[in-house]
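Remarks on the structure that follows.
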Amino acid sequence: MENYLEFFCGVVVLLIALYYYRISHYDFWSKRGVFGPKPHPIFGNLFDLSFARISAADAIVDIYKTYKHEPVVGLFEGTSPILVINDPDIIKNVMIRDFSSFQERPYTAHGRTEPMSQHLFRLDARKWRPLRPKITPIFTSGKLREMFALMVECSKNLEGYLDNVVGKGEPVKVSELSAQYTTDVVGTCAFGINMNSMSEKESEFRRMGRSMFNTTVESVLRLKTSLLWPKFYDLLGFVVPEKTLTRFFTKIVMNAIKYREEHGIHRPDFINMLMEFRNHPEQIEGVELTDTLLAALAAGFFGAGFETSSSSISWTLYELAQNHEIQDKLHAEIKAYHIKYGDTFTVNSLNELKYLDKVFKEILRKYPAGAIIQRRTTSACTFDTLKFTLPKQIAVWIPLFAIHRDPEIYPDPEKFDPERFSEEQVATRHPMHYLPFGDGPRSCIASRFAQLQAKLGLIKILRNHKVDVCEKTMIPCEYEKGAILLQPKGGIYLNITKME
């Protein structure tokens with residue numbers, strides 16, 4: 001009996017010691033004079049978000065509303081500190097002025113466990129720095145003009161496919177329709193491959209694209225484990241590495257490179273750029289250009305290129321279906337464009353659609369692809385206005401979704417109002433209060449590509465069709481819990497009908 005009592009007392013002492021060890025980390029922000037909610041002894045402040053009980057958008061709005069008048073807020077993910085920045089001038093410091101101290105994102109690549117995570121968005125600073133300037137030239141104005149002709153061809157396929165879909169007289173899942181279109185655009189422009197996504201038979205590329213962003217039990221477990229226990233997640237690569245995407249993209253990219261080399265084919269696209277990397281590795285110092293890394297760079301562009309643009313298209317149609325006056329005004333602008341140019345599309349002529357541009361910007365305000373912009377300190381940084389120093393390896397969050405929905409910045413923020421982006425209204429706002437593509441050196445490298453393909457797709461859909469809500473349209477919209485990007489729960493369904 002005495003031995004049992006000693007054992008029990010020992011366990012109690014151990015648990016008490018572990019408890020105090022955990023909470024000993026929670027004075028990190030209070031010592032620096034930063035306010036924030038009281039953390040849970042085990043899970044910190046992000047239990048619901050970490051276990052996919054709430055979407056990132058809803059989580060960050062709750063925090064922002066409570067502490068919006070504080071320049072910064074201190075949170076904990078487990079025992080790891082996170083600094084949420086509300087003040088636009090401090091945001092500018094992080095994104096631009098002091099970028100050298102904020103070059104990474106918290107969720108960097110896990111090459112062994114998820115080989116295809118080694119793309120530009122997630123690479124650490126050591127690999128990102130030499131690769132970024134080598135990839136940027138693929139998105140110059142000249143290269144975009146060359147790719148735009150290929151986008152136009154894909155948009156023609158969208159028109160034909162849409163007529164078949166509308167002819168069935170059933171609600172259309174526009175989130176899927178737009179993803180099929182953007183998958184084809186990215187496949188054609190980046191890989192030189194006809195992906196055949198706009199057909200009744202599901203293409204392999206579309207299936208892979210869906211698996212990259214679908215919220216499954218496995219995807220949520222992988223994401224949360226990589227964030228909460230990154231070193232443990234790296235070890236899982238010896239046991240349960242991701243294989244499906246890795247095999248698919250490695251095979252596609254290596255076969256494309258081999259075919260072009262054997263047949264002397266040159267195209268100004270992403271695959272050609274990877275071929276240059278492979279043939280001249282000395283141009284990128286400090287980075288081992290393995291076949292897996294090249295495939296991961298391509299997979300990253302594929303995923304980001306189709307998903308963000310397709311999301312913007314489907315959110316636009318969702319809002320237009322509920323705001324017929326705006327839809328009618330946009331229809332009139334598109335009709336005037338076709339009277340002037342017919343079926344001829346160029347990058348310059350597309351820029352004349354000023355109202356479409358306002359509509360698109362308002363969509364990105366209300367539905368940014370990511371609810372939170374994340375950075376991580378790569379060196380210690382002192383904020384002069386805050387009078388404290390952030391150590392190395394501290395996560396920083398910019399609550400983008402909440403800022404875009406702040407009524408003090410955007411009055412009546414739930415209202416869909418493209419006139420927020422008139423020149424006069426834009427001039428009244430701080431530039432850091434609108435960041436759909438981020439800002440600074442680590443902003444979205446393909447933002448112009450994304451906007452061109454999205455706008456072209458919208459023109460083709462709306463030229464001869466109108467959109468309306470249907471019985472399957474979710475109003476108000478709920479966001480997918482556990483999703484990496486801002487996604488509507490269950491997708492967006494609308495009625496699409498042919499205009500007289």
Side-chain angles (χ1 to χ4, degrees), residues 155 158-159 161-163 165-166 168-182 185 307-338 345 350-369 401 404-405 410 412-422 425 434 436 450-479 486-500:
S155 71
L158 172 61
E159 277 189 302
Y161 180 57
L162 182 59
D163 285 339
V165 171
V166 171
K168 296 178 180 179
E170 301 172 353
V172 178
K173 191 175 184 179
V174 296
S175 48
E176 177 62 22
L177 174 72
S178 57
Q180 290 172 290
Y181 159 67
T182 56
V185 171
E307 176 62 26
T308 55
S309 294
S310 68
S311 176
S312 298
I313 292 172
S314 54
W315 284 124
T316 302
L317 297 174
Y318 176 75
E319 286 292 347
L320 293 177
Q322 299 173 71
N323 297 275
H324 281 205
E325 288 185 10
I326 296 173
Q327 185 178 168
D328 291 343
K329 189 173 180 178
L330 188 54
H331 274 138
E333 183 179 63
I334 293 172
K335 182 178 180 181
Y337 177 94
H338 279 88
F345 290 92
L350 209 64
N351 290 334
E352 294 182 22
L353 294 164
K354 301 298 183 183
Y355 194 65
L356 174 60
D357 187 60
K358 290 180 182 178
V359 167
F360 194 71
K361 286 177 177 175
E362 172 68 347
I363 283 295
L364 295 178
R365 193 262 323 164
K366 197 171 180 184
Y367 306 101
F401 184 89
H404 282 192
R405 300 286 184 111
Y410 297 96
D412 195 6
E414 298 303 317
K415 179 182 179 182
F416 183 68
D417 181 12
E419 293 306 322
R420 297 182 200 276
F421 291 92
S422 65
Q425 289 206 37
Y434 183 71
Q451 292 179 73
L452 283 173
Q453 69 167 333
K455 288 179 179 179
L456 190 57
L458 285 167
I459 291 170
K460 290 296 185 178
I461 293 171
L462 295 171
R463 179 184 178 184
N464 296 312
H465 300 87
K466 66 177 182 177
V467 291
D468 291 286
V469 297
C470 64
E471 67 278 4
K472 298 180 73 173
T473 307
M474 182 167 50
I475 302 174
C477 183
E478 296 179 30
Y479 306 113
L486 188 71
Q487 295 179 351
K489 185 178 180 180
I492 295 175
Y493 288 86
L494 298 172
N495 278 334
I496 303 181
T497 54
K498 194 91 170 178
M499 295 173 63
E500 296 293 334

Mind checking whether [X] and [Y] have side chains closer than 4.5 Å, heavy atoms only?
X	Y	value
I459	L350	yes
K358	Q425	no
Y479	F401	yes
K466	L320	no
L486	S311	no
H331	Q327	yes
P418	F360	no

Please identify each residue that fulfils ring-ring contact (aromatic ring centres under 6.0 Å, His included) with [X], with sequence neighbours left out.
X	answer
H324	none
H465	none
Y434	H404, F421

Testing the basics here: between [X] and [Y], what is the closest heavy-atom pair and its distance to 0.1 Å?
X	Y	result
T182	S309	CG2-CB, 3.8 Å
D357	K455	OD1-NZ, 2.7 Å
V166	I496	CG1-O, 3.3 Å
M499	R463	SD-O, 4.3 Å
P171	E471	CG-OE2, 3.7 Å
L494	A321	CD2-CB, 3.7 Å

Has [X] got a side-chain atom pairing as donor or acceptor with [Y]'s backbone, closer than 3.5 angstrom?
X	Y	result
Y181	Q453	yes
R365	P413	yes
D417	E419	yes

Practice problem: Assess whether atom CD of E325 is packed by more than 12 heavy atoms of other residues, nucleotides or ligands within 6.0 Å. | Solution: no
Self-check item: Enclosure of K415 NZ (heavy-atom neighbours >12, cutoff 6.0 Å)
Solution: no
Practice problem: Go through Q487 and E307 one step at a time and tell me if the side-chain contact (heavy atoms from CB on, under 4.5 Å) criterion holds. | Solution: CA-CA 10 Å; Q487 295 179 351; E307 176 62 26; 3.5 Å; yes
Please report the interatomic distance [atom1]([X]) to [atom2]([Y]), rounded to the nearest 0.5 Å.
X	Y	atom1	atom2	result
I461	L317	CD1	CG	5.0 Å
L158	K460	CG	NZ	8.5 Å
L462	I334	CG	CD1	5.0 Å

Quiz item: Which is it for N495 and V172 under the side-chain contact (heavy atoms from CB on, under 4.5 Å) test, yes or no, and what are the steps along the way?
Solution: CA-CA 6 Å; N495 278 334; V172 178; over 6 Å; no
Quiz item: Tell me the salt bridge (Lys or Arg N to Asp or Glu O under 4.0 Å) pairs involving residues 169-179, sequence neighbours left out?
Solution: E176-R206, E176-R210
Practice problem: Sort and list the pairs that fulfil salt bridge (Lys or Arg N to Asp or Glu O under 4.0 Å) and have at least one residue in residues 313-324, not counting sequence neighbours. | Solution: E319-K366
Practice problem: Just do the side-chain contact (heavy atoms from CB on, under 4.5 Å) check on V165 and Y161 with the steps written out, would you? | Solution: CA-CA 6 Å; V165 171; Y161 180 57; 3.8 Å; yes
For [X], which residues count as a side-chain contact (heavy atoms from CB on, under 4.5 Å) partner, sequence neighbours excluded?
X	result
K489	M474, E478, E480
E333	L330, L353, K354, Y355, L356
S178	S310, I313, S314

Quiz item: Angle class for the Y367/Y318 ring planes (parallel below 30°, perpendicular above 60°, tilted otherwise)?
Solution: perpendicular
Quiz item: Under the side-chain contact (heavy atoms from CB on, under 4.5 Å) criterion, do F416 and I363 qualify, and how do the steps go?
Solution: CA-CA 8 Å; F416 183 68; I363 283 295; 3.5 Å; yes
Set of side-chain hydrogen bond (donor to acceptor under 3.5 Å, both in side chains) partners for [X], sequence neighbours left out:
X	answer
E352	K340, Y341
T308	none
Y337	S349
D328	none

